[in-house]
Amino acid sequence: MKKKLAIIRGPNLNSWEMQNYVHLMDQFDIVGFTSYGHNFDVSSIPFEVKRLISIGQLLKARFLRKPMNHLIGDYHDLQGLEHSLKGFDIVHSVETSYYCSYQAARAKKRYGFKLVLTVWENIPFLFHLAATKKNKLFIAKQTDLFLPVSNRAKEVLSLEGMPEEKIIVQMPGIDIQHFRPMEKDKELLKKFGCDEDDFIILFVANLYREKGIYDLIYAFRQLLNIIKKKDKIKLLIGGKGYEEKNIIKTIVELKLLENAKLIGSFPYKIMPKIHNLADVFVLPSIPIPTWQEQFGYVLIESMACGKPVISTYCGSIPEVLGDAGILVQPNDFSSLTHAIENLYYDESYRLKLCKYSLDRIEKYFDAKQVSFNLRKFYEDIYR
């Protein structure tokens, strides 16, 4: 008889993280819990998804969420969650600061299931209001296993007083049959105004300043000033966000309209084709007081497609890239320029990084292996 597994992600339930759970469906009846008005498309998730009302999700404005944070500790609530978890064997929630994790911890005390928490946050004491601190202390007692996605997140858990013996680092994975090396898609090249022999630099992320998009544009302008065959180098910028208009304005001001193009967002099933357009993938993230890169799924997606990656010393990125990419200081367009220039001229180095990327993906980021690990974790705590 299958055990019942609940996966709680609040408004952030998504198809790419759920790749790590689909291989458990032979042993578990899985239900994903999210909110109405969730942030991502969940239609392709192959198990049941249950939507609950979230007051915090209804209060979109930060000034409206602030009183809720002070009152109950956080705005990631799911109304009726505790009752909905009755009858489950294992509940897998996310983040010690989320109110839905506190709700799960309260339900665990009532119903006696096993509680697991995935933790992405890698800045200590970032969410530490009095109510949040109280919730975290309760969560620490009720949680059977913490699964931080990086060593940096593990260190945060330790600093915040979570029991060391309950903490195991487990980085997420992806479907390496979906993300794999392919030839450049000719139709997409044509759509984006590129030729087959163009050297393509790809950026995919939310169009926020902290993702380093302006540093990349400045570096690209400087690169074109250095390299002779300017018309054969292209920058494709994927994603959406509130900086979009300013990015277009910057591209115009720097006279990059012939070489740089915003390509928008694409469904997840198309993303392998997007990544395979690249000769180099760049994510120059910049840490800010309230955020630093927690993992960077696009990094492993690009690596799985056999692409050389350039990124920055921001948050957990060095742990993800290892020796399979190039790291520069954040907020440093000049170093970024020279890193791209080196890869442009050195094909053998590009090929070496491609091999390193594929080897590292197979070793650490195969979703099937992650599922195998999760299965073992669940069996151990359930036993």
Would you mind reporting whether Tyr98 and Asn12 have side-chain heavy atoms less than 4.5 Å apart? yes
Does a donor on one side chain and an acceptor on the other come within less than 3.5 Å for Glu293 and Asn122? no
Which value, rounded to the nearest 0.5 Å, describes the distance between Gln294 atom CD and Ile123 atom CD1? 7.5 Å
Do Ile263 and Ile274 make a side-chain contact, defined as non-hydrogen atoms from C-beta onward lying under 4.5 Å apart? yes
Does the cation-pi check pass for Lys3 over Tyr382, that is, NZ or CZ under 6.0 Å from the six-membered ring centre and within 45° of its axis? yes
Is the closest side-chain heavy-atom distance between Leu147 and Phe377 below 4.5 Å? yes
Is there a donor-acceptor contact under 3.5 Å linking the side chains of Ser150 and Ser316? yes
Aromatic ring centroids of Tyr208 and Tyr242 under 6.0 Å? yes
Find out whether the Lys NZ or Arg CZ of Lys4 is both under 6.0 angstrom from the six-membered ring centre of Phe88 and within 45° of the ring's axis. yes
Would you say the side chain of Phe146 lies within less than 4.5 Å of the side chain of Ser158, judging by non-hydrogen atoms? no
Do Glu258 and Asp231 make a side-chain contact, defined as non-hydrogen atoms from C-beta onward lying under 4.5 Å apart? no
Side chains of His92 and Tyr378: is there a donor and an acceptor less than 3.5 Å apart? yes
Within the 4.5 Å heavy-atom criterion, are Thr337 and Ile226 side-chain neighbours or not? yes
In Å and rounded to the nearest 0.5 Å, what is the CG to CD1 distance from Leu223 to Ile340? 6.0 Å
Regarding Gln329 and Asn331, do their side chains bring together a donor and an acceptor under 3.5 Å, going by distance alone? no
Expected list for residues 244-255: side-chain donor-acceptor pairs under 3.5 angstrom, two or more places apart:
residue: Asn246; atom: ND2; partner: Glu243; partner atom: OE1; Å: 3.4
residue: Thr250; atom: OG1; partner: Asn246; partner atom: O; Å: 2.8

N/O donor-acceptor pair under 3.5 Å between Asn14 side chain and Trp16 backbone: yes
Distance flag, aromatic centroids of Tyr297 and Phe365, threshold under 6.0 Å: no
Mind checking what makes side-chain hydrogen bond (donor to acceptor under 3.5 Å, both in side chains) contact with Asn373, not counting sequence neighbours? Gln170, Gln369
Give the minimum heavy-atom separation between Gly37 and Gln57, together with the two atoms involved. O-NE2, 2.7 Å
